[in-house]
There are 2 protein chains.
Amino acid sequence: MIMKIHDWPTGPYPARVRIALAEKNLQSRVQFVTVNLRKGEHKKPDFLAKNYSGTLPVLELEDGTFIAECTAITEYLEALDGPPTLTGRTPREKGVIHMMSKRAELELLDPISVYFHHATPGLGPDVELYQNPEWGFRQRDKALRGMHYFDAVLKQQPFVATETFSMADITVIGGLIFAGLVELPIPAECEALQAWYARMQERPSVKNRLSISAPAMAAD
Amino acid sequence: MIMKIHDWPTGPYPARVRIALAEKNLQSRVQFVTVNLRKGEHKKPDFLAKNYSGTLPVLELEDGTFIAECTAITEYLEALDGPPTLTGRTPREKGVIHMMSKRAELELLDPISVYFHHATPGLGPDVELYQNPEWGFRQRDKALRGMHYFDAVLKQQPFVATETFSMADITVIGGLIFAGLVELPIPAECEALQAWYARMQERPSVKNRLSISAPAMAAD
């Protein structure tokens, strides 16, 4: 079974799915289709028919079903056979991992995205048809507070949600990838977050996420 | 095993968990603790220690673990024993239900919440310390477009995500409960959405959601 992923290789949201695919060793079952963010292809009718919300990535199943939203794609991948489990085994683990992943969206990744699209040139004037800079800067500040929150969490435990690597780590990684793109560095005093992020970047799934599409595309 | 739910009985986000509890017949295992939204108790240190994001509802397990975020709470409830399954059985169902539930947040429920907090008096001046009305009105318009989107979906199928009732329906119901509170009616031309919502309000889980805390609180 071959799935397609419609994404933009360097996108922070696509990174979440690419990292999850690599962690689960599913890369060989996926072909990547590039949607050019810089040209705003994700806001055009062809793509909006695949995903009403106009966001990347989107998973396309062999039967033609499109599954948008990172959390939905990773739920799908988790429900396929095979370890490791990234969203928990027990009810408590599942609850805590989903909570921390959602919190990483709410307090870090999504605010940085709003900052990028509203208080910086974003994807350029052809794509950013409406901007609200005041809201964008508020969201940047929220994301900085979020970094301090996750720093406090990581002072207490080795991973974001539990004692092992999970989707919650992947969502924080997505946030910090986006922070890097918008040049919003982790504050120096957030030492636990910095140390954790350095460890995360040693993981092959994170380090090699930009190259995983190449063999699959060659096989297309 | 008794769980606690910290919520505000008439809140649209708490409604999602109350409806899920009733659908799964788990009401008797839950005690409700009221957090007074109107007094801003959800933004005070006591509550923020339970949930950094300051949102309701929060599930408290017997071991003292707090699980915030509706999607995380419902993942927890789904992982406990017992039918019905609200988040899908097969990988495809799980993916589609999670996608449509997230889409209902993104395109309906969350925008109405932003409209309420930013472009109306919201919870009052003591709680709404910063407002961005322009952003709020944009989000109201986004929610209205969202209603047209879900109307189009419901013209094609009986439920929001699949052939059966699921968490995606519950999230749209949450959005329309909030729309009712802020007096944002479903447009007259959205006949399929209106008919579906009328059907949903006949479900005991939806109709009786405000009363389910009474017996549990009396037993407290």
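In what follows, chains carry the letters A, B, and so on, assigned in the order in which the sequence lines appear, proteins first and then strands, with residues in each chain numbered from 1. Keep in mind that this is a model prediction, so the values were computed, not measured. No hydrogens, no waters, no symmetry mates; every other heavy atom, side chains included, goes into these values.
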Filtered by a 4.5 Å non-hydrogen cutoff, the part of residues 146-153 of chain B contacting chain A is B:G146, B:Y149

Contacting region of B:R89 [heavy-atom separation from chain A under 4.5 Å]
neither

Residue of the set A:E69, A:E105, A:E75 for which side chain to side chain donor-acceptor pair (under 3.5 Å) holds with B:K102:
A:E105

Could you please spell out the steps behind the side chain to side chain donor-acceptor pair (under 3.5 Å) verdict for B:E93 and A:Y76?
CA-CA 8 Å; B:E93 275 182 14; A:Y76 177 86; over 6 Å; no

Derivation of the side chain to side chain contact (heavy atoms under 4.5 Å, CB included) call for B:R138 and A:W135
CA-CA 12 Å; B:R138 298 276 304 189; A:W135 185 251; over 6 Å; no

Output the distance between atom CG (B:D110) and atom CG (A:D110), rounded to the nearest 0.5 Å.
9.5 Å

Residues from residues 158-175 of chain B approaching chain A under 4.5 Å (heavy atoms):
none

Flag the one option from B:C70, B:G88, B:A72, B:S101 with the top tally of heavy-atom pairs under 4.5 Å to chain A.
B:A72

Pairs of heavy atoms under 4.5 Å with chain A: top-ranked of B:M100, B:H118, B:R103
B:R103

Answer yes or no: does atom CD of B:Q157 have more than 12 heavy-atom neighbours from other residues, nucleotides or ligands under 6.0 Å?
yes

Ion pair A:R92/B:E62, N-O distance below 4.0 Å
no

Tell me, side chain or backbone of B:D63 under 4.5 Å from chain A's heavy atoms, or both, or neither?
side chain

So which of B:I97, B:T87, B:N132 has the biggest tally of heavy-atom pairs under 4.5 Å with chain A?
B:N132

If you round to the nearest 0.5 Å, how far is OG1 of A:T90 from CG of B:L80?
10.0 Å

A:N51 CG to B:M99 CE distance, which is reported to the nearest 0.5 Å
7.5 Å

As an exercise: rank A:T65, A:L59, A:I73, A:L61 by heavy-atom pairs under 4.5 Å with chain B and give me the winner.
A:T65

Is A:E189 atom CD crowded by more than 12 heavy atoms from other residues, nucleotides or ligands, each under 6.0 Å away?
yes

Greatest number of heavy atom pairs closer than 4.5 Å to chain B - which of A:A79, A:P91, A:G95
A:P91

